[in-house]
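Only heavy atoms go into these numbers, but all of them, side chains included; no hydrogens, no water, no symmetry mates.
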Amino acid sequence: MNPWYREPWPWILMSGPATVIVAGAITAWMAFATADGLVADDYYRRGLAVNAVLKREQSAAARGIEARVERAGGQVRVRLRGAEPPVLFLNLVHATRAGYDVRLRLERAADGSYPAALPPLAPGHWRAIVDDPQGEWRVVQEGLHAAREGPHAARGKI
């Protein structure tokens with residue numbers, strides 16, 4: 001008869017609990033090492049501000065203001081219809097991580113568009129928000145998917 005450690009059954013029986021312990025340790029490490037970007041500290045105040053934001057979007061719709069955000073390589077360009085302010089703000093908002101958000105100040109070019117250099121974006125789903133400096137209106141464009149920067153990065157409309 002072989003000693004217990006030379007038999008396969010004790011090792012097979014111990015592998016299940018050992019796997020659970022390792023998976024639990026990895027899960028605990030992930031929970032403590034990463035911040036929960038979806039929870040805002042001031043969620044109540046942000047909830048109260050939702051109506052003010054919706055009024056700005058309704059104001060843009062009532063004025064007939066439309067924005068199209070395009071990107072090519074390291075450039076972003078906003079084409080605006082219905083308004084011609086000298087300066088715009090473009091907020092690129094990451095869907096889950098507020099720390100990745102980018103705010104750009106765009107000045108009107110001779111062709112009527114608003115170009116700017118675009119910093120590298122983290123992978124994920126992005127939302128483009130165009131608003132005027134006075135805070136009277138804003139236009140939201142969904143669906144920017146930033147995959148990778150480089151030769152295979154997404155190009156075209158945001």
Is any side-chain heavy atom of His125 closer than 4.5 Å to one of Glu142? yes
For residues Tyr5 and Met14: do they belong to one hydrophobic cluster (side chain heavy atoms under 4.5 Å, members Ile, Leu, Val, Met, Phe, Trp, Tyr)? yes
What are the two closest non-hydrogen atoms of Tyr114 and Glu84, and how far apart are they? OH-C, 3.6 Å
Under 3.5 Å, which donor-acceptor pairs link side chains of residues 99-108 to any protein atom two or more places apart or in another chain?
residue, atom, partner, partner atom, Å
Asp101, OD1, His94, N, 2.8
Arg103, NH1, Asn91, OD1, 3.0
Arg105, NH1, Glu107, OE2, 2.8
Arg108, NH1, Gly112, O, 3.3

Residues passing the salt bridge (Lys or Arg N to Asp or Glu O under 4.0 Å) test with Asp132, sequence neighbours excluded, are none
Can you find a heavy atom in the side chain of Gln141 that is under 4.5 Å from one in the side chain of Val130? no
Drop me the distance from Arg56's CZ to Glu136's CD, to the nearest 0.5 angstrom. 9.5 Å
Each residue besides Val87 in its hydrophobic cluster should be listed here, by chain and number; the cluster joins Ile, Leu, Val, Met, Phe, Trp and Tyr at side-chain heavy-atom distances under 4.5 Å. none
Taking only distance into account, with no hydrogens and no angle test, what donor-acceptor pairs under 3.5 Å do side-chain atoms of residues 73-80 form with protein atoms, sequence neighbours excluded?
residue, atom, partner, partner atom, Å
Arg77, NH1, Ser113, OG, 2.6
Arg79, NE, Glu70, OE1, 3.4

Kindly check if the number of other-residue, nucleotide or ligand heavy atoms within 6.0 Å of CZ (Arg81) is above 12? no
Among residues two or more places apart or on two chains, list those pairs meeting side chain to side chain donor-acceptor pair (under 3.5 Å) that have a residue in residues 9-29. none
Answer yes if Ile129 and Ile65 sit in the same cluster of Ile, Leu, Val, Met, Phe, Trp and Tyr residues linked by side chain heavy atoms under 4.5 Å apart, and no otherwise. no
So which atom in Val139 and which in Ala60 form the shortest heavy-atom distance, rounded to 0.1 Å? CG2-CB, 4.0 Å
Within the structure provided, determine whether Arg71 and Leu92 are in side-chain contact (heavy-atom separation under 4.5 Å). no
The criterion is side chain to side chain contact (heavy atoms under 4.5 Å, CB included); which residues satisfy it with Val53, sequence neighbours excluded? Glu57, Arg138
Quick one: closest heavy-atom pair of Pro10 and Trp4, and the distance? CG-O, 3.6 Å
Side-chain heavy atoms under 4.5 angstrom apart, residues restricted to Ile, Leu, Val, Met, Phe, Trp, Tyr: same cluster for Val50 and Val140? no
